[in-house]
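Heads up: numbering here begins at 1 and tracks the sequence. Keep in mind it's a predicted model, so treat the numbers as computed, not measured.
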Amino acid sequence: MGRISMIDPQTAPENVQEVIRRHLAGGHQLTNEKRTLLHNVNAFLAIEEASYTLDRDLQERIGKLDADLFEYAISVSNECLVCTTYFSRLLREEHHLDPSDFKLTRRQELLMHYARKLGSDPKSITDGEFTELKEDFLRHGDKDGAPVNEEKAEEIMVILTAMGAMMVANNYVNDALRVDA
């Protein structure tokens with residue numbers, strides 16, 4: 001049982017109902033975490049809306065599958081049951097992948113390694129690990145293989161790192177407030 005009650009969309013204050021309407025109109029679901037965060041609109045916007053914005057940027061640069069693998073790896077390393085369950089289901093249903101038996105490309109291995117370290121001990125990311133992932137984008141380009149220059153590679157690394165921080169924030173909310181899966 002969660003430590004915080006979940007907002008009932010039908011009886012929520014009008015400002016919360018408006019945020020819910022916009023969120024649903026964007027094609028998103030109203031999960032238990034979101035219904036918990038909606039006790040404060042700014043908390044919801046900071047954690048959820050910012051995550052969706054960054055995730056769109058990430059998918060545009062590295063593709064949906066690679067972004068989902070990245071976010072799954074953070075959730076696993078950060079030991080968040082809610083997010084790990086969500087991304088495991090997403091990988092199975094949307095990408096037809098078994099999370100217990102991945103066949104990964106080299107880029108996906110690098111992304112997941114970076115994600116695992118972001119989720120558990122970001123200070124342990126070595127210069128070599130960081131550079132290897134960044135250079136993969138320089139050598140192989142973006143999700144479509146389009147060339148990536150130094151500036152674009154750095155942008156991708158910033159988006160990855162910021163998305164990792166947002167995933168950890170989501171995981172902390174779920175864990176600290178014991179949001180029901």
Pair Leu104, Leu69 - check side chain to side chain contact (heavy atoms under 4.5 Å, CB included), show working. CA-CA 10 Å; Leu104 302 173; Leu69 287 168; 4.0 Å; yes
Does Leu37 form a side chain to side chain contact (heavy atoms under 4.5 Å, CB included) with Lys34? I'd like the steps, not just the answer. CA-CA 5 Å; Leu37 280 169; Lys34 294 170 189 177; 5.7 Å; no
Val41 and Glu18: CA distance, side-chain angles, deciding distance, side chain to side chain contact (heavy atoms under 4.5 Å, CB included) verdict: CA-CA 10 Å; Val41 168; Glu18 177 57 30; over 6 Å; no
For the pair Asp68 and Lys64, evaluate salt bridge (Lys or Arg N to Asp or Glu O under 4.0 Å) and give the outcome as yes or no after the intermediate values. CA-CA 6 Å; Asp68 290 343; Lys64 176 136 177 55; 2.9 Å; yes
Run the side chain to side chain contact (heavy atoms under 4.5 Å, CB included) check on Val179 and Arg35 step by step: do they pass? CA-CA 10 Å; Val179 173; Arg35 290 179 55 209; over 6 Å; no
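In this structure, Leu24 is a member of the same hydrophobic cluster as Leu45, with clusters built from ILVMFWY side-chain heavy atoms closer than 4.5 Å. Hydrophobic clustering, with ILVMFWY side chains joined whenever heavy atoms are under 4.5 angstrom apart, keeps Met157 apart from Leu138. Phe44 and Val82 are assigned to two separate hydrophobic clusters, defined by single-linkage of ILVMFWY side chains at heavy-atom distances under 4.5 Å. Hydrophobic cluster membership differs between Leu38 and Tyr172, with clusters built from Ile, Leu, Val, Met, Phe, Trp and Tyr side chains linked at under 4.5 angstrom. Cluster annotation: Val168 and Phe130 are assigned to the same hydrophobic cluster (Ile/Leu/Val/Met/Phe/Trp/Tyr, side-chain heavy-atom contacts under 4.5 Å, transitive).
In this structure, the side chain of Asn78 does not engage the main chain of Ile74 through any donor-acceptor pair within 3.5 Å. Remark: side-chain polar atoms of Glu33 are not paired, donor with acceptor, to backbone N or O of Val173 under 3.5 angstrom. A distance-only check finds no donor-acceptor pair linking the side chain of Arg61 to the backbone of Asp142 [under 3.5 Å]. A donor-acceptor contact shorter than 3.5 Å links the side chain of Thr84 to the backbone of Ser75. Side chain of Asn32 to main chain of Asp180: a donor-acceptor pair is present (N/O by atom type, distance under 3.5 Å, no hydrogens or angles). One N or O on the side chain of Asn40 and one on the backbone of Asn42 form a donor-acceptor pair closer than 3.5 Å. When atom types are taken as modelled, the side chain of Arg178 and the backbone of Arg3 share no donor-acceptor pair closer than 3.5 angstrom. Not one N or O on the side chain of Glu154 forms a donor-acceptor pair closer than 3.5 Å with the backbone of Glu151. Not a single donor-acceptor pair under 3.5 Å links the side chain of Thr131 to the backbone N or O of Gly128.
When the shell of 6.0 Å around CD of Gln29 is examined, it contains 12 or fewer heavy atoms from other residues, nucleotides or ligands. Heavy-atom contacts from other residues, nucleotides or ligands closer than 6.0 Å to OH of Tyr86 number 12 or fewer. Residue Asp121 places its CG atom among more than 12 non-hydrogen atoms of other residues, nucleotides or ligands, all under 6.0 Å distant.
With values rounded to the nearest 0.5 angstrom, Ile156 atom CD1 is found 9.0 Å from Leu133 atom CG. Here the CG-CG distance, from Leu160 to Leu54, works out to 10.0 Å after rounding to the nearest 0.5 Å. If you take CD on Glu71 and CG on Asp66, they are separated by 11.0 Å, rounding to the nearest 0.5 Å. Distance check, rounded to the nearest 0.5 Å: OG of Ser51 to CG of Leu58 gives 11.5 Å. Considering CG of Leu97 and OG of Ser88, their distance stands at 11.0 Å, rounded to 0.5 Å. The CD atom of Gln59 sits 11.5 Å away from atom CD1 of Ile159, with the distance rounded to the nearest 0.5 Å.
Between Met166 and Ala46, the shortest heavy-atom distance links the atoms CE-O, 3.1 Å. Considering every non-hydrogen atom in both Ile47 and Ala169, the closest pair reads CD1-CB, 3.8 Å. Listed here is the closest heavy atom pair of Ala67 and Asp55: CB-OD1, 4.2 Å. The shortest heavy-atom contact between Glu129 and Ser124 is OE1-O, 3.7 Å. Annotation for Ala12 and Ile7: closest pair CB-CG2, 3.5 Å, computed over non-hydrogen atoms.
The only member of Arg116, Met167, His113 that meets side-chain contact (heavy atoms from CB on, under 4.5 Å) when paired with Ser77 is Arg116.
Residues Arg21 and Glu14 are paired through a salt bridge, judged by an N-O separation under 4.0 Å between the basic side chain and the carboxylate. Using a 4.0 Å cut-off between charged side-chain N and carboxylate O, Lys103 and Asp101 make a salt bridge. A salt bridge is absent between Glu49 and Arg22; no separation between the charged side-chain nitrogens and carboxylate oxygens falls under 4.0 Å. Ionic pairing of Glu60 and Lys143 is not present here: no N-O contact between side-chain nitrogen and carboxylate oxygen is shorter than 4.0 angstrom. A salt bridge is defined here as a Lys NZ or Arg NE, NH1 or NH2 lying under 4.0 Å from an Asp or Glu carboxylate O, and Glu132 with Arg106 meets this definition.
Between Leu81 and Asp175 there is no side-chain heavy-atom pair separated by less than 4.5 Å. When side chains are defined from C-beta on, Leu65 counts as touching Gln108, because their heavy atoms get closer than 4.5 Å. For the pair Leu91 and Phe102, the minimum side-chain heavy-atom distance is below 4.5 Å. Proximity of Gln17 to Pro9: side-chain heavy atoms (C-beta onward) are nowhere separated by under 4.5 Å. For the pair Arg107/Phe137, a side-chain contact is recorded, criterion being any heavy-atom separation below 4.5 Å from C-beta on. Considering only heavy atoms from C-beta on, Leu118 comes within 4.5 Å of Thr161 through its side chain. Cys83 places a side-chain heavy atom less than 4.5 Å from the side chain of Asn174. The closest side-chain heavy-atom distance from Glu48 to Asn170 is below 4.5 Å.
Taking the six-membered ring for Trp and the full ring otherwise, the centers of Tyr52 and His23 sit less than 6.0 Å from each other.
Between Phe70 and Tyr114, the ring-plane angle classifies as parallel under the 30° and 60° cut-offs.
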